[in-house]
Amino acid sequence: MAARPDNADSRAAGNDLLGLDDSRPAYNSGQRPPVHDNELLSHFDIDDSDQPQPRPSTSYDDFVGGRPSGQPAPPRLPYSDNNRAYSQTSDLNNLNRYADDASNEDYASTYKYYDGGRSSDDQIPGGQVHVVSHGHDRNRSSLMSLGGMVDRAKGMLGKRESYSDMNLPLTERRVDTAGTDEQLPVEEKRKFNIGSIASIFKRNKVDPATLGPRMIMLNDPATNKSNGWADNHISTAKYNVATFLPKFLYEQFSKYANTFFLFTAILQQIPNVSPTNRYTTIVPLFLVLLVSAIKELVEDYRRRASDNQLNNSITRVLKGGMFVDTKWINVAVGDIVRVESEEPFPADIVLLTSSEPEGLCYIETANLDGETNLKIKQALPETTYLLNPNDLGRVQGKLRSEQPNNSLYTYEATMTANLQSGNKEMPLNPEQLLLRGATLRNTPWIHGIVVFTGHETKLMRNATATPIKRTDVERMLNKQILMLVVILLVLSLISTIGDIIIQSTSRDKLGYLEFRGSFNAASQFFLDIFTYWVLYSNLVPISLFVTIDLVKYYQAFLINSDLDIYYPDTDTPAVCRTSSLVEELGQIEYIFSDKTGTLTCNMMEFRQCSIGGIQYAIVVPEDRRASTPDDLDGIHDFKQLKSNMVNHESSFAIQHFIALLATCHTVIPERKDEKSAIKYQAASPDEGALVEGAVLMGYKFVARKPRSVLVGVEGQELEYELLAVCEFNSTRKRMSTIFRCPDGKIRIYCKGADTVILERLSKNNQAVDATLRHLEDYATEGLRTLCLAMREVPDAEFRQWQLIFEKAATTVGGNRAEELDKAAEIIEHDLTLLGATAIEDRLQDGVPDTIHTLQTAGIKVWVLTGDRQETAINIGMSCKLVSEDMTLLIVNEETSAATRENIQKKLDAVNSQQSLGAEHEVLALVIDGKSLTFALEKDMEKLFLDLAIKCKAVICCRVSPLQKALVVKLVKRHVKALTLAIGDGANDVSMIQAAHVGVGISGVEGLQAARSADIAIGQFRYLRKLLLVHGIWAYQRVSKVILYSFYKNIAMFMTQFWYSFQNAFSGQVIFESWLLSFYNVFFTVLPPFAMGIFDQFISARLLDRYPQLYQLGQKGTFFKMHSFFSWVGNGFYHSIIAYIFTSYIYYNDGPMSNGTTAGHWVWGMASYTAILLVVLGKAALITNIWTKYHVIAIPGSIIIWLVLFPAYSYAAPAISTGFSTELIGIISVIFTSPQFYAMCLLLPPACLLRDFAWKYAKRMYFPQAYHHIQEIQKYNVQDYRPRMEQFQKAVRKVRQVQRMRKQRGYAFSAGDEMGQQTRLLTAYDTTRGRGQFGEAL
């Protein structure tokens, strides 16, 4: 298998590779990463480029760009710091790069905040930090000063003094290194770059981050407008009116073929150089560029239409004391807007108030991070009274905000306004910021003030310009064109030398050539070189690139039109946005996938439960249905559960099990009126699924009060008085609530991971063993599990504990969370196990089969997710990414040294297996986000990659968006393989753009990723046909089109070279000039289109049935350099056969029966016809499947020739003063000449006989894998391979149970924010109605 270590024969001793004994918790639990993406790059020495780097030879520490051995490590930014946080609200004006399109040269050539040799600022903590003084203005890179230009030139030449660039984000802490003994690494001097000369003269955009805080006036649009802030329009279009022509021409002439023909067209304009008509190259070139321009404009028009649709969306803006419908494009900074439930936010907004208690609101950030878990935001208490438009319109003041930046998780601002609480300055933080791209959920409405618009929003600041991606086929094609140009130069040189020799020795004998003036060998040499360049220029097919572009465009159209990858649920077809990359779909070796929303639906469903050792399920499999009410091995339905609740020994456990599900949670019930159904607002889909499960079992959660929960049971409403909440976090892995139940007793209800619940049980729990067996069954099915337990708490014990808990809750000093955890431990003991739940984080349809098939095709799948480790492993197993026979390698360390040691130990163990010839082990690597931060450092990245590429599957947990892109770039740099990234959220955009091919999941959510991707599909399972069928088809078709295009031009135009040996190297042409140009434009243009669009070397059914065929694309079978030389050699062979054959048929100028000779042009055009038949015959020979389009293209091209040739021969001489006079009177001679028909009948078989024999020998004696499949397809051979699915399923289950005994995931997606759960539970009273403006009373 692709991921097994080579030459390994047995397992290494011990369980070191498993790493399952590591008791440390997962790195994080749902909060934002503790460092900003920019810090990861600057402070962890991470390389974010995707340029290939040389492999280290002796030591990883000596790796290019790394730290030399023995040199102390540079200081790293700690994860937390108690120093003052410097931001845009301070006067330090910390630098954050703003211009997305600014070149790296520009950025690197400007001075940053830190600099040397200036006065120190003693007021800054840390002291002696040198800041830029006012006198430093003269050294700035300003276009307005000569000093600035000189400074830029110095930077470009690498002569400027080195400086330290911390490149801090706007709201992160600053690290002061001055005044310490630690030395920052000296920046490497930049090398001279000719391309950067232009940057000296470019005017930089003003970075708003350098302008100080943004002052936004409340209800003062005129003042705000005068600041010139960006408007709210979004543009993803590639061109505008001013940039289309320069951008398009630059892109087109970066293709070597177009530059070649432009040079040829210029040479044709020089008198006495061109042997052909001066317009025969420039006119076809113009047509080629015109077609390409139309294609570019059509694609850009679609992008612009998508932008307009978004810009013209409607929101409500406060104007004149009322909310008025306004287009998004007209929303401005400082506007007060109203957003209603299920609507996206039109800009970045500071929350002022909402319809919910205490200004709370729920948002969904699926379009930002792919997560459908609802996030909670809360307005400042001072602004929650601003419910009606009149109150909002009377607010006056200012909002002092940080400048636009790309940090999604931070925000600093202050607001001063004439509110009821007085005119005071109030701090704002990320809890009040609602980002563009997020959607309001389960909240009727919110009011907010716009702070960032358009391309200054945090979402757009994270969006990078769409990179220009060039395929491997294009790069190789450019090399092949250069080789053809070299061949052309060699031919021109031979012909030039021949002409000089002829003129030097036989000039006097060739008077009919009308040589002018005296002979000068030097001038004649250059004149001949240019002449033969023009004469042989047709060896390079002028229509090649436009043909490839159109073929790819129609291949993309076929992808878009494929009903097999159309998602009817959301009416979402596939959309191929970048048609130029379609052939790379057939060569992918690595897939990097997001999890949430890509592999899973993020929709939790309550599936099964175990209560008192008995299993219950909503849908019971027939083969596992319980036979009797007391059957402990089978599964019972919920009807039996309700019966057991009444008269079974487990009835007590059942009642409290369901009561726990209905009460121990943070869900908020909502209904529009008394008659409408209850809608549960759940911050976690797990919580919602558990509450829905309780409803199915008869306990309906109906209302929440600040200190109680109301549950409907059999028509009665029971009230559970809430006494205390012990919140969930990733360390505790459990949540407990203490209630005074309707019977007056105090009980603690606890739910959490089985590992933490089981160790807190009392000794007399009889159902533990049975419940553990059930948990193992659930885990083998990939379900997320929770254990539920309870205990009756005596009143005296509770009162004593409550004092301890309240003291812990009021702790000041930074360790409140720790004290609360200790208080919870005191009461969470001697619990009674009630049972366990099983929730399905439902995978998208077909995900397991798709991943398994892709792995069979030789593609390695890496999952990069923000989920915790346990959840990611569980999903990896359920989707068949991680199989039961794999050995898990887990890297979850807190320090760089520990990470290096862990990776090195595992790599050594794997390598030792290979050296000892041990049995192969299939490996899967699981690495945590914090460890990945260290692993991506320059001196460790290759070590990490060496381990990762030995694994069949890799799962990266708790990763940031930047880390996703860095992992992709790491593979791109060091592994010669094509990569594909697939995701659905804005956090996946950087990864999608970093990969060779980016695929976005479009549909209900995640449109940002789909818009930024090269291809958008509705479901992950469609990736299977996209790659295995459309991808390999596109690669094979494009390869055939390119090679055939080279062949057909060489076969026709190499005859010109052979003819030069007979015409004294005079430059005489065989064929008429315009018909020579029409060869590619009319007479051979259709066969490449037919082959490139409709040809199928194997049917879609068999490509899907035998995914191993995909490796043909990975290995480059159809487009190797060997293939290029084979086709070029074949073209040479056919041209020389054709030239010799036609010369002898028309020997002595083709004497005819009437005693006259046929003449040069009759021979030339007859040869043209015969060679055209050979070329079209070759197209027929390599066609795999004949359709009506192939019939139109191949025989149809002959008909086009037979129609246009006579028409042109009669029309050309009659145009003006004789557009072309060479063909006067030859039609009647050619079509009455027996030599012509003999040549047309004999030449094609003579040329193609060798091709046919070679094809026969290859298929019969040296067949490749796809030849066998073609035979299966042709004769419809049935597949009789034995099936062992049931046996393999049983083996997998045994292995999976063994693994799950050691490690199980648990269902908890709640956040770790301390106090948030308690605040939610005490804020709502859903029994009260709503006020005049829809606000909660």
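Computation of the quantities below employed the complete heavy-atom set of this structure, encompassing side-chain atoms and omitting hydrogens, waters and symmetry-equivalent molecules.
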Applying side-chain contact (heavy atoms from CB on, under 4.5 Å), run through L1043 and F1118 and close with a yes or a no. CA-CA 10 Å; L1043 296 173; F1118 298 116; over 6 Å; no
Backbone N/O of [Y] and side chain of [X]: donor-acceptor pair under 3.5 Å:
X	Y	answer
D984	I1001	no
E584	D472	yes
Q555	S579	no
N258	Q252	yes
S1135	T1055	no

Do [X] and [Y] have side chains that get closer than 4.5 Å, going by heavy atoms?
X	Y	value
Y1106	I1098	no
I1042	F1119	yes
K295	V546	no
V473	Q587	yes
Q480	M1121	yes
K880	Q855	no
I982	I1017	yes
Y567	D845	no

Taking the six-membered ring for Trp, are [X] and [Y] parallel (under 30°), tilted (30 to 60°) or perpendicular (over 60°)?
X	Y	value
W1201	F1205	parallel
F1071	Y1168	perpendicular
H1030	W1033	perpendicular

Kindly indicate, with the supporting measurements, whether the criterion side-chain contact (heavy atoms from CB on, under 4.5 Å) is fulfilled by L482 and K479. CA-CA 5 Å; L482 285 177; K479 293 179 182 177; 5.6 Å; no
First locate atom [atom1] of [X], then atom [atom2] of [Y], and finally report the distance between them rounded to the nearest 0.5 Å.
X	Y	atom1	atom2	value
L290	L285	CG	CG	11.0 Å
T850	L854	OG1	CG	6.5 Å
I851	T856	CD1	OG1	11.5 Å
L1028	L1102	CG	CG	13.0 Å
Q1096	L1103	CD	CG	8.5 Å
F1132	M1054	CZ	CE	4.0 Å

Verify the neighbour count for atom [atom1] of [X]: are there more than 12 heavy atoms of other residues, nucleotides or ligands below 6.0 Å?
X	atom1	value
R475	CZ	yes
F253	CZ	yes
W1186	CH2	yes
F248	CZ	yes

Sole residue of V1128, L539, L484, N1080 in side-chain contact (heavy atoms from CB on, under 4.5 Å) with N1049: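 Of the listed residues V1128, L539, L484, N1080, the side-chain contact (heavy atoms from CB on, under 4.5 Å) partner of N1049 is N1080.
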Determine the sole option in I1171, I1136, V1174, L1173 for which the side-chain contact (heavy atoms from CB on, under 4.5 Å) test with C1247 is passed.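 Of the listed options, the one satisfying the test is V1174.
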State, without any angle test, whether T471 and E583 hold a side-chain donor-acceptor pair at a distance under 3.5 Å.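 Present: a donor and an acceptor within the cut-off.
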Answer yes when D549 and K552 have at least one side-chain N-carboxylate O distance shorter than 4.0 Å, and no when they do not.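 Looking at K552 together with D549, the answer is no, because their closest N to O distance does not fall below 4.0 Å.
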Closest non-hydrogen atom pair between [X] and [Y], with its separation:
X	Y	result
S537	F261	O-CE2, 3.8 Å
Y1110	G586	OH-C, 3.4 Å
L881	A953	O-CB, 3.5 Å
A1170	P1244	O-CG, 4.4 Å
Y1022	G1018	CD1-N, 3.9 Å
F1089	T547	CE2-O, 3.9 Å

Can you check side-chain contact (heavy atoms from CB on, under 4.5 Å) on Q1036 and N1184, steps first, answer last? CA-CA 11 Å; Q1036 189 266 345; N1184 291 297; 3.7 Å; yes
Criterion side-chain contact (heavy atoms from CB on, under 4.5 Å) on L1248 and H1134, from CA distance to verdict: CA-CA 8 Å; L1248 298 175; H1134 285 176; 3.8 Å; yes
Sequence neighbours excluded, every pair satisfying salt bridge (charged side-chain N to carboxylate O under 4.0 Å, His left out) that has a member inside residues 1025-1049: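 Found D562-K1025, D564-K1025, K1040-D1095.
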